[in-house]
There are 2 protein chains.
Amino acid sequence: MGIADDAVEIRSQGWRTLAALHGLIETELERALTSSVALSVVEYTVLDALSRQHGWHMRMQQLGRATALSASATTRLVNRLEERGLLTRVLCADDRRGIYTELTASGQKLLTEARPVHDETLERALAAARDMPELAPLVDALPTLARA
Amino acid sequence: MGIADDAVEIRSQGWRTLAALHGLIETELERALTSSVALSVVEYTVLDALSRQHGWHMRMQQLGRATALSASATTRLVNRLEERGLLTRVLCADDRRGIYTELTASGQKLLTEARPVHDETLERALAAARDMPELAPLVDALPTLARA
DNA sequence: GCGGTATAACTGCGTGTGCAATGATTTATC
DNA sequence: GATAAATCATTGCACACGCAGTTATACCGC
């Protein structure tokens with residue numbers, strides 16, 4: 001097996017590890033968030049992303065990228081959250097095709113309830129993954145990626 | 001902000017990076033595999049996992065863990081692949097509740113077509129992610145996780 | 001052996017997703 | 001300035017998913 005073949009296998013192995021860890025964490029988060037605050041992981045991701053944005057507004061497309069969702073899925077995701085009063089649509093003045101989304105007070109409130117659940121569940125899931133030999137190296141590598 | 005709070009934020013940041021990279025890669029793989037060999041990413045994962053197994057057989061539950069899928073989703077996933085003749089169900093002799101799945105010759109053949117597509121797409125997706133500042137550190141860390 | 005409990009896999013149901021096509025607005029070309 | 005091409009968001013449709021409940025088999029205490 002040559003060097004190039006090794007690289008291919010190493011990439012595939014890394015991807016399998018990444019996918020496995022991702023699936024594990026997402027499954028746990030999904031259970032915890034839906035049962036405690038009736039939010040799916042993507043829904044939480046949207047609220048969290050909005051709260052990190054200056055002025056708490058984002059365009060649909062940005063949300064799509066942030067969640068790795070298609071445009072149609074983003075539309076319906078925002079629909080659900082808007083119907084629950086957690087965010088509002090705001091028309092863009094400068095580009096009237098675009099639509100901004102903003103957290104409502106209710107959305108911010110729910111997010112403060114959801115965040116501890118999210119963080120504790122993430123900690124537990126990572127600790128569990130830490131005990132699996134094939135996942136441990138990636139779990140240990142994650143905190144080293146932090147930047148300012 | 002105390003040390004504990006920092007740890008929470010670092011974990012969340014790591015998780016967001018992991019999720020973003022995973023979403024990006026999965027979306028690209030999905031497009032490439034469905035258009036070229038009509039396989040979804042999870043379907044490819046199953047065939048690939050089976051091919052790596054001694055004797056090419058696995059139990060349903062193992063497949064569920066390997067793909068981070070529920071039991072019901074695993075059942076229907078195996079149904080789809082079986083209907084296409086890519087794998088077969090084999091009853092377990094020792095535990096008659098369990099069911100083994102085995103790759104067929106046709107499944108192995110399709111896998112050999114799919115693997116280059118998968119590997120090249122993965123390489124391109126990682127290269128693209130490598131150019132995004134927030135994803136680059138994780139992309140660079142992945143190959144270092146490889147074990148013997 | 002015989003009950004009760006646990007486990008493996010399967011089905012009904014509601015829901016979230018992507019793709020393709022559509023409507024509305026902006027940008028480019030002439 | 002009018003027409004064409006591109007972009008943002010939304011809808012119709014088919015399909016894959018998770019949850020809860022079901023069936024079949026294995027395990028345990030007696």
Side-chain angles (χ1 to χ4, degrees), chain A residues 19 22-36 38-46 57-84 86-102, chain B residues 19 22-36 38-46 57-84 86-102:
Chain A
H22 177 273
L24 186 99
I25 295 174
E26 180 155 68
T27 300
E28 301 252 356
L29 285 178
E30 194 80 35
R31 262 206 296 268
L33 288 173
T34 53
S35 68
S36 65
L39 285 175
S40 70
V41 175
V42 272
E43 288 166 350
Y44 176 88
T45 302
V46 165
H57 69 290
M58 270 177 100
R59 297 180 69 126
M60 302 288 289
Q61 255 188 338
Q62 289 179 269
L63 286 179
R65 273 194 301 270
T67 55
L69 245 47
S70 69
S72 66
T74 306
T75 292
R76 290 186 251 254
L77 174 53
V78 169
N79 283 348
R80 293 198 299 273
L81 296 174
E82 189 180 27
E83 283 160 14
R84 287 176 62 181
L86 302 176
L87 56 77
T88 57
R89 279 178 162 89
V90 180
L91 295 174
C92 266
D94 52 327
D95 183 346
R96 291 163 60 196
R97 292 170 303 184
I99 292 185
Y100 286 125
T101 52
E102 281 188 16
Chain B
H22 177 271
L24 186 100
I25 295 174
E26 180 156 69
T27 300
E28 301 254 355
L29 285 178
E30 194 80 35
R31 262 206 295 268
L33 288 173
T34 52
S35 67
S36 66
L39 284 176
S40 70
V41 175
V42 271
E43 287 167 350
Y44 176 88
T45 302
V46 164
H57 69 291
M58 270 177 101
R59 297 181 68 127
M60 302 288 289
Q61 257 188 335
Q62 290 179 269
L63 287 180
R65 273 194 301 270
T67 55
L69 245 46
S70 70
S72 65
T74 306
T75 293
R76 290 186 250 254
L77 174 54
V78 169
N79 283 348
R80 293 198 299 273
L81 296 174
E82 188 180 28
E83 280 160 16
R84 287 176 61 182
L86 303 175
L87 55 76
T88 57
R89 280 179 162 88
V90 181
L91 295 173
C92 266
D94 51 327
D95 183 348
R96 289 165 59 195
R97 294 170 302 182
I99 292 185
Y100 285 125
T101 52
E102 281 189 14

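Reminder, nothing fancy here: chain letters follow the sequence lines and each chain counts from 1.
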Hey, does the side chain of A:Glu83 reach the backbone of A:Arg80 with a donor-acceptor pair shorter than 3.5 angstrom? no

When the distance from [atom1] of [X] to [atom2] of [N] is rounded to whole Å, what number comes out?
| X | N | atom1 | atom2 | value |
| --- | --- | --- | --- | --- |
| B:Leu39 | D:dA16 | CG | C1' | 15 Å |
| B:Glu83 | D:dC15 | CD | P | 12 Å |
| A:Asp94 | C:dT25 | CG | C1' | 12 Å |
| A:Glu26 | C:dT17 | CD | P | 10 Å |
| A:Asp95 | D:dA9 | CG | P | 8 Å |
| A:Leu69 | D:dA16 | CG | P | 18 Å |
| B:Asn79 | C:dA9 | CG | P | 13 Å |
| A:Arg65 | C:dG18 | CZ | P | 15 Å |

Output, in order, the C-alpha distance, side-chain angles, deciding distance and verdict of side-chain contact (heavy atoms from CB on, under 4.5 Å) for B:His22 and A:Glu26. CA-CA 11 Å; B:His22 177 271; A:Glu26 180 155 68; 5.8 Å; no

Has the side chain of B:Arg97 got a donor or acceptor atom sitting under 3.5 Å from an opposite partner on the base of C:dT7? yes

In terms of ring plane angle, is the pair B:His57 and B:Tyr100 parallel, tilted or perpendicular, where the classes change at 30° and 60°? perpendicular

Of B:Thr27 and B:Met60, whose nearest nucleotide on DNA chain C comes first from the 5' end? B:Met60

Start at the 5' end of DNA chain C and walk down; is the nucleotide closest to B:Arg31 or to B:Thr74 reached first? B:Thr74

For the side chain of [X], counting heavy atoms from C-beta on, which of [options] is nearest?
| X | options | value |
| --- | --- | --- |
| A:Ser72 | C:dC19, C:dT17, D:dG18 | C:dC19 |
| B:Arg76 | C:dT17, C:dG12, D:dT10 | C:dG12 |
| A:Arg96 | C:dG18, C:dT26, D:dT10 | C:dT26 |

Heavy-atom side-chain contact between B:Leu86 and B:Leu39 under 4.5 Å: yes

Comparing A:Glu30 with A:Ala73, nearest DNA chain D nucleotide closer to 5' gives the residue A:Ala73

So what is the 5' to 3' dot-bracket string for DNA chain C, if pairs are Watson-Crick or G-U wobble with both distances under 3.5 Å, crossing pairs use [ ] and | means the partner sits on another strand? ||.|||||||||||||||||||||||||||

Can you find a side-chain donor-acceptor pair between A:Asn79 and A:Arg84 that sits under 3.5 Å? no

Minimum-distance pair of heavy atoms, taken over all atoms of B:Glu43 and B:Leu77: CG-CD1, 3.3 Å

Contact summary for A:Asp95 and A:Cys92, nearest pair of heavy atoms: O-CB, 3.1 Å

Under 4.0 angstrom, heavy atoms only, what part of the nucleic acid is B:Leu77 near: base, sugar-phosphate, or nothing? nothing

Verify the contact: side-chain N or O of A:Arg80 to OP1 or OP2 of C:dT17, cut-off strictly under 4.0 Å; return yes or no. yes

Using a cut-off of less than 4.0 Å, is there contact between a side-chain N or O of B:Arg59 and OP1 or OP2 of C:dT7? no

Would B:Leu91 and B:Arg96 satisfy side-chain contact (heavy atoms from CB on, under 4.5 Å), going step by step from the backbone distance to the final call? CA-CA 7 Å; B:Leu91 295 173; B:Arg96 289 165 59 195; over 6 Å; no

